[in-house]
Amino acid sequence: FAAKFIAQRGFAYFHEQSVRRGELTGVVEELVSGKDVLEAFDAQGQACERFRDVDARLGESSFKAVFYSSLVNPTTRFVNALVYAGVGIFGALAAIAGTLTVGGLTAFLSYANQYTKPFNDISEVLTELQNSFACAARLFELLDEPQIEPDRPGAIELRGTTGAVSLSNVCFSYTPGRPLIRDFTLEVRPGTRVAIVGPTGCGKTTMINLLMRFYDVDAGTIAIDGHDIRDVTRKSLRSSFGMVLQETWVKSATVRENLTLGRPDATDEQVKAAARAAFADEFIERLPHGYDTMLNGEEASISSGQRQLLCIARAMLADAPMLILDEATSNIDTRTEVKVQKAFERLMEGRTSFIVAHRLSTIVGADVIVAMRDGRIVETGTHDELLARGGFYASLYESQFS
Ligand SMILES: Nc1ncnc2c1ncn2[C@@H]1O[C@H](COP(=O)(O)OP(=O)(O)OP(=O)(O)O)[C@@H](O)[C@H]1O
Ligand SMILES: [Mg+2]
């Protein structure tokens, strides 16, 4: 009972300790990755303050956890010693009175010791046990998080799509009660180029996320070739899109492995052809080991524009029936951009493509331009139609070119 009483308090602190440790790891990760910005704004002081604060709380909970759990063993030993003393005294009295032999008393004392030994042993490892249980509890919290909804039973494989995409009355919000996309309806004929434009934060990337089914729509439907994308396996849906996202990502692996992410069986020739098409071959050849250079490590760090070129080459290699380009050329110098645009034009031929771009010069050739504001479509049409209308798109365009 004594052990249980103390151990319960110890466990609470162990749990707190593992939560704090997670917090501290998060803070460190954030501070290290944002080091340059912190230094530029001379905010190291604030950062250290924040680290010290979390660190101090971790220290406190660790101290208490270890303190309480370390009390358990001495306490059980103390209780056991009392038992031993009690047995000794009563036994001695009984021996004097002649109801117990000295031999019997000795045997009894030795039994008392043997009986309490396991309790002492258990309480010795209690600290480690409790720590493990607290960590396991954290792990189970994570495992108990709801899973993403599995593919529906009987979901079909999307193969060789023509690229007819139809969005009808799509509504979506990240946080319930704060609608973002409202009543979005758009018919995309196979092989057309759809450009989505609009001010920052209007929901362009969100629309891409919905198309790729990174999130499910709250209402309405998105259908590809007449199949609701919820009736299609996620894997086949995603492999139908080649994409260059706004946030570029390269893994710590060789250039080649990065390029073949969506198509592991690509031959060297194909990899090089894709890199050439994306105008990435020039800088790749200049890396210490060419296509076998490890990225993100000591061997080579590449610039944001170069990362974007890699992502473009990756999408070109994937050769999927539909394309998504979210600000795909935003980090690239204008001269390279013009060249990459030409490569895209070739790639987009006959494929349904969704292009998001702030530089409107890159989308004037689109078949349909969708101008969005606050999650709604305000205008659709070709570049010339929208300019002639003199509405929202025209004002966006003029602000860039007047
Ligand atoms: N994961 C998310 N959770 C909650 N809200 C989000 C999330 N991602 C984006 N938002 C919110 O949704 C809105 C639309 O974001 P979105 O990324 O679609 O904008 P965007 O049109 O792509 O902007 P930009 O031109 O800057 O890329 C923003 O106001 C943003 O705050
Ligand atoms: Mg965006």
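The structure displayed is predicted, hence computed values, not measured ones.
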Considering only NZ, NE, NH1 and NH2 on the basic side and carboxylate oxygens on the acidic side, decide whether [X] and [Y] come within less than 4.0 Å.
X      : Y      : answer
Asp268 : Lys272 : no
Arg152 : Asp231 : yes
Glu23  : Arg20  : yes

Residues pairing under side-chain hydrogen bond (donor to acceptor under 3.5 Å, both in side chains) where one sits in residues 153-163, two or more places apart or in two chains, turn out to be Thr162-Asp225

So the side-chain hydrogen bond (donor to acceptor under 3.5 Å, both in side chains) pairs with at least one residue in residues 378-388 (sequence neighbours excluded) are His383-Tyr393

Requested in this report: For the pair Phe67 and Phe63, name the ring-plane relationship: parallel under 30°, tilted 30 to 60°, perpendicular over 60°.
Outcome: parallel

request  = Please work out which of the three classes, parallel, tilted or perpendicular, describes the rings of Tyr215 and Tyr174, given edges at 30° and 60°.
outcome  = perpendicular

Test of understanding: with salt bridge (Lys or Arg N to Asp or Glu O under 4.0 Å), list the residues that count as partners of [X], not counting sequence neighbours.
X      : result
Glu124 : Arg77
Lys64  : Glu60
Arg376 : none

Do [X] and [Y] have side-chain atoms, one donor and one acceptor, less than 3.5 Å apart?
X      : Y      : result
Ser168 : Thr185 : no
Asn80  : Asn120 : yes
Ser239 : Ser236 : no

Taking [Y]'s backbone N and O only, do any of them form a donor-acceptor pair with [X]'s side chain (distance below 3.5 Å, no angle check)?
X      : Y      : result
Thr101 : Gly104 : yes
Lys339 : Thr334 : no
Thr352 : Gly191 : yes

Taking only distance into account, with no hydrogens and no angle test, what donor-acceptor pairs under 3.5 Å do side-chain atoms of residues 315-324 form with protein atoms, sequence neighbours excluded?
{"residue": "Asp319", "atom": "OD1", "partner": "Arg351", "partner atom": "NH1", "Å": "3.1"}
{"residue": "Asp319", "atom": "OD1", "partner": "Arg351", "partner atom": "NH2", "Å": "2.8"}

Those residues at least two apart in sequence (or on a different chain) that pass side-chain hydrogen bond (donor to acceptor under 3.5 Å, both in side chains) with Thr76 are Ser123

Sorted by chain and residue number, the side-chain hydrogen bond (donor to acceptor under 3.5 Å, both in side chains) partners of Thr25 (sequence neighbours excluded) come out as none

List, one per line, each side-chain donor-acceptor pair under 3.5 Å for residues 127-140, sequence neighbours excluded.
{"residue": "Gln130", "atom": "NE2", "partner": "Ala7", "partner atom": "O", "Å": "2.5"}
{"residue": "Ser132", "atom": "OG", "partner": "Glu128", "partner atom": "O", "Å": "2.6"}

Sequence neighbours left out, cut at 3.5 Å: what donor-acceptor pairs do the side chains of residues 243-251 make with other protein atoms?
{"residue": "Gln246", "atom": "OE1", "partner": "Thr205", "partner atom": "OG1", "Å": "2.9"}
{"residue": "Thr248", "atom": "OG1", "partner": "Arg307", "partner atom": "NE", "Å": "3.3"}

Which donor-acceptor pairs under 3.5 Å do the side chains of residues 37-57 make with protein atoms, sequence neighbours left out?
{"residue": "Arg50", "atom": "NH1", "partner": "Glu30", "partner atom": "OE2", "Å": "3.3"}
{"residue": "Asp53", "atom": "OD2", "partner": "Arg57", "partner atom": "NH2", "Å": "3.3"}

Expected list for residues 354-365: side-chain donor-acceptor pairs under 3.5 angstrom, two or more places apart:
{"residue": "Arg359", "atom": "NH1", "partner": "Glu337", "partner atom": "OE1", "Å": "2.2"}
{"residue": "Arg359", "atom": "NH2", "partner": "Ser330", "partner atom": "O", "Å": "3.2"}
{"residue": "Thr362", "atom": "OG1", "partner": "Arg359", "partner atom": "O", "Å": "2.6"}

